[in-house]
Asker: 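Pasting in a structure now, in structure tokens, and then I'll have a few things to ask.
Naming: A, B, ... by sequence-line order, numbering from 1 per chain. These values consider heavy atoms only, across backbone and side chains, with no hydrogens, waters or symmetry-generated copies. For clarity, every value in this text was computed on a predicted model and none was experimentally measured.
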Amino acid sequence: MAIKLSRSKKIRVLPGFKLTLGFTLFYLGLIVLIPLAAVFWKTSSLTWAEFWHTITMPQALASYRLTFGASLLAALVNAFFGLIVAWVLVRYEFFGKKIVDALVDLPFALPTAVAGITLAMLYSQNGWIGQLLEPLGIKVANTRLGVFVALTFIGLPFIVRTVQPVLEDLDPELEEAAASLGANRWQIFWRVILPMLMPALLTGFALAFARALGEYGSVIFIAGNIPMKTVITPLLIMGELDMFDYAKATALAVVMLVASFVMLLAINVLQWWTNRYNTHNLA
Amino acid sequence: MSVEVKNVTKKFGSFTALDNVSLKVESGELVALLGPSGSGKTTLLRTIAGLEFPDPGTAQILFYGEDVTQIPASERKAGFAFQHYALFRHLSVFENIAFGLRVRPKTTRPPEAEIRARVDKLLKLIQLEPMAGRFPSQLSGGQRQRVALARALAVEPKVLLLDEPFGALDAKVRKELRRWLRQLHDEIHITTLFVTHDQEEALEVSDRVAILRAGKIEQIGTPEEIYDNPASPFVYDFLGNVNLFSGRMKDGAVVIGETEFSLGEGTGETDTAAVAFVRPHDIRVTRQANGPALAALVLRSNAAGPVANLELKRLDSGEIFNVQLSKEQFQELAPKAGEPVFVELKNVRVFSDDYSI
């Protein structure tokens with residue numbers, strides 16, 4: 001499409017299509033593609049058999065399950081609660097709203113290690129929250145639940161900040177129109193508001209999910225890092241690096257890279273589909 | 001009586017949008033709510049729809065005798081069309097129209113086949129059958145408003161409420177669509193109220209026009225009634241161009257300058273200040289005075305368009321006024337700028353004193 005347009009030499013109000021596209025490709029190449037290519041390059045020093053052995057060893061398989069499972073779950077939970085937070089921030093006026101709004105961004109700004117240490121302290125057996133959960137038989141620190149808690153913490157702002165502006169722009173007349181057609185409040189939410197928010201919600205979900213996949217700092221403090229149980233893939237990679245086994249480390253990284261790319265692509269396709277009505281060609 | 005509004009008052013903070021308004025609409029009638037912006041016409045429509053609620057008090061809204069004052073919009077069965085259509089842009093044209101049927105509770109929801117049949121019928125009515133699968137963003141403004149109308153009609157509302165339905169459209173589409181609306185109304189005879197600030201639109205389309213000003217209904221009547229017999233200077237001015245001549249009352253006549261114009265009926269009042277209202281097309285321009293006339297000077301003339309417009313200046317007071325002539329009259333008279341003429345006033349209306357535009 002882009003190439004077609006440049007060939008037809010359309011006259012545009014703002015020139016610079018070729019320049020900006022060239023810059024975009026150069027920049028993406030320098031910042032994103034070259035480092036990623038290096039990962040593949042380093043991995044290629046392994047034979048296929050070694051590569052396969054590395055990425056399918058039991059510790060690795062267990063870590064994939066934990067990393068992808070906990071990330072997905074955390075992003076899903078965030079999608080739900082993040083939507084509620086965004087809803088409250090947009091729809092209601094209350095005392096301290098600005099402060100709550102600012103608090104949402106905190107997980108963005110906090111160094112992940114600080115978040116990790118704080119969470120680990122709170123949820124340890126003697127921590128403020130941990131001691132309340134202990135009698136109920138719920139252990140958070142040093143369990144998979146701890147990994148999930150840390151990933152939920154860092155993912156929340158992504159959902160809130162993507163959904164909020166879309167919700168703000170939603171025309172109240174749409175809800176009034178639905179009401180005058182006989183829809184009750186639930187129907188208005190499910191059939192009118194949610195479909196409108198879906199593209200933004202999916203974007204936020206994808207961002208939160210991607211962030212959780214790569215999260216390291218906040219998880220390792222609370223996870224306890226018990227082999228086969230609470231070791232996330234990034235930690236496994238760090239372990240290999242500590243033993244100077246760069247090829248093995250990059251082999252695991254390749255798996256994460258490819259899996260992440262496939263999942264993000266799938267989410268993008270889904271997002272395009274939910275947004276398909278936003279065409280602007282007139283009849 | 002299909003819609004009855006009784007003593008409705010609505011305030012937004014210190015602003016009174018509706019001030020003790022009462023209105024009765026007959027079954028099957030098409031009524032226009034006409035007024036300048038801020039006159040409360042949209043608030044009145046939204047109150048009837050249940051999108052706003054009147055201030056507590058003696059206010060009552062009745063649909064076919066049933067009190068719906070406290071019933072929310074979703075249960076009122078009032079079809080509403082918005083100025084900017086408010087179509088669901090994630091749904092196709094077909095699904096937009098079907099929306100009101102699909103959200104019904106299971107017990108009253110028609111079966112799928114019937115929903116399809118009803119939507120197809122409405123698509124035919126709005127002449128958009130080939131567009132059923134399109135999204136609203138792929139339609140033109142006029143098409144979107146027709147879809148919005150069909151969507152409101154699909155639930156078989158007791159009353160149809162249109163808020164400036166043609167306000168966002170360009171002049172040509174607007175004229176087409178309002179003719180189409182009139183035809184549609186003649187076909188399905190649904191009680192309809194529509195809000196507009198365009199007097200031409202109100203006079204052309206509706207059975208009756210209610211003119212609102214500052215939260216009150218100033219006058220209500222058929223288009224002829226209110227055009228020919230405006231109840232107040234405001235209505236007179238709002239319904240079209242008008243010239244003002246200040247003068248004094250004298251039993252059954254008004255004296256403007258030195259000339260006395262008969263009002264046809266005795267008013268009883270004598271020697272009070274008065275303002276005479278005369279429409280530009282009710283002024284006759286001649287070269288010789290026969291009967292009561294004012295002397296004036298031609299300032300400008302413009303014969304472009306279906307009628308000719310003259311700008312005249314009274315010789316005695318210097319007041320400037322406008323006259324509308326037919327093309328024939330204009331050619332016969334052939335006025336030139338700076339020429340002295342005489343004007344006779346017909347259908348003079350007088351409202352006693354201090355009104356100014």
Asker: What part of B:Ala49 gets closer than 4.5 Å to chain A, counting heavy atoms only: side chain, backbone, both or neither?
Answerer: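 Contact with chain A is absent: no heavy atom of B:Ala49 under 4.5 Å.
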Asker: Shortest non-hydrogen contact from A:Ala177 to B:Ala86?
Answerer: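 Result for this residue pair: CB-O, 4.0 Å.
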Asker: Would you indicate whether A:Ile99, at its atom CD1, is surrounded by more than 12 heavy atoms from other residues, nucleotides or ligands within a distance under 6.0 Å?
Answerer: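 Result for CD1/A:Ile99: open.
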Asker: Need one label for A:Arg191: side chain, backbone, both or neither, based on atoms under 4.5 Å from any heavy atom in chain B.
Answerer: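 Answer is both: backbone and side chain atoms of A:Arg191 are under 4.5 Å from chain B.
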Asker: About how many Å separate CG of A:Asn184 and CZ of B:Arg104, when rounded to the nearest 0.5 Å?
Answerer: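 Result: 14.0 Å between the selected atoms.
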Asker: Tell me the residues of residues 150-174 of chain B whose non-hydrogen atoms fall below 4.5 Å from those of chain A, in number order.
Answerer: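 Hits under 4.5 Å: B:Arg151, B:Ala152, B:Val155.
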Asker: Going from CD1 on A:Ile193 to NE2 on B:His90, what distance comes out if it is rounded to the nearest 0.5 angstrom?
Answerer: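 These two atoms lie 10.0 Å from each other.
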Asker: Should we count NZ of B:Lys10 as having more than 12 external heavy atoms under 6.0 Å?
Answerer: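 Yes, enclosed.
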Asker: Is it the case that atom NZ in B:Lys11 sees more than 12 heavy atoms from other parts of the structure closer than 6.0 Å?
Answerer: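 Result for NZ/B:Lys11: open.
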Asker: Evaluate whether atom CZ of B:Phe12 has more than 12 neighbouring non-hydrogen atoms of other residues, nucleotides or ligands under 6.0 angstrom away.
Answerer: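 Enclosed: over 12 neighbouring heavy atoms sit under 6.0 Å from CZ of B:Phe12.
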Asker: Is the closest side-chain heavy-atom distance between B:Phe88 and A:Leu181 below 4.5 Å?
Answerer: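 A side-chain contact under 4.5 Å exists here.
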Asker: So, applying side-chain contact (heavy atoms from CB on, under 4.5 Å) with B:Leu51, which one of A:Glu176, A:Glu175, A:Glu173 is it?
Answerer: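 The option that passes is A:Glu176.
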Asker: With a 6.0 Å cut-off (strictly less than), is the heavy-atom count around CZ of A:Phe94, excluding the residue itself, greater than 12?
Answerer: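 Correct, the count exceeds 12.
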Asker: At a 4.5 Å cut-off on heavy atoms, which part of B:Phe80 comes close to chain A: side chain, backbone, both, or neither?
Answerer: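 The answer is both parts of B:Phe80.
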Asker: Pick one of side chain, backbone, both or neither for B:Arg102, based on which atoms fall under 4.5 Å of a heavy atom in chain A.
Answerer: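 When you check distances to chain A, atoms from both the backbone and side chain of B:Arg102 fall under 4.5 Å.
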Asker: Step through the shown structure and confirm whether more than 12 heavy atoms of other residues, nucleotides or ligands are within 6.0 Å of CZ on A:Phe261.
Answerer: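 For A:Phe261, atom CZ is not crowded (no more than 12 foreign heavy atoms under 6.0 Å).
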Asker: How long is the straight-line distance from OH of B:Tyr85 back to CG of A:Asp171, given to the nearest 0.5 Å?
Answerer: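 Output value for this atom pair is 13.0 Å.
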Asker: Would you indicate whether B:Arg109, at its atom CZ, is surrounded by more than 12 heavy atoms from other residues, nucleotides or ligands within a distance under 6.0 Å?
Answerer: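 Atom CZ in B:Arg109 is crowded, with more than 12 foreign heavy atoms closer than 6.0 Å.
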Asker: Out of B:Ala78, B:Ala148, B:Ala81, which one racks up the most heavy-atom pairs below 4.5 Å with chain A?
Answerer: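 Top option by heavy-atom pairs under 4.5 Å: B:Ala78.
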Asker: Quick one: does A:Gln187's side chain have a donor or acceptor within less than 3.5 Å of a partner on B:Val103's backbone?
Answerer: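 Between the backbone of B:Val103 and the side chain of A:Gln187 there is a qualifying donor-acceptor contact (under 3.5 Å).
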Asker: Starting from the C-alpha separation in whole Å, work towards a yes-or-no answer on side-chain contact (heavy atoms from CB on, under 4.5 Å) for B:Arg89 and A:Met196.
Answerer: CA-CA 8 Å; B:Arg89 62 171 196 268; A:Met196 295 292 199; 3.7 Å; yes
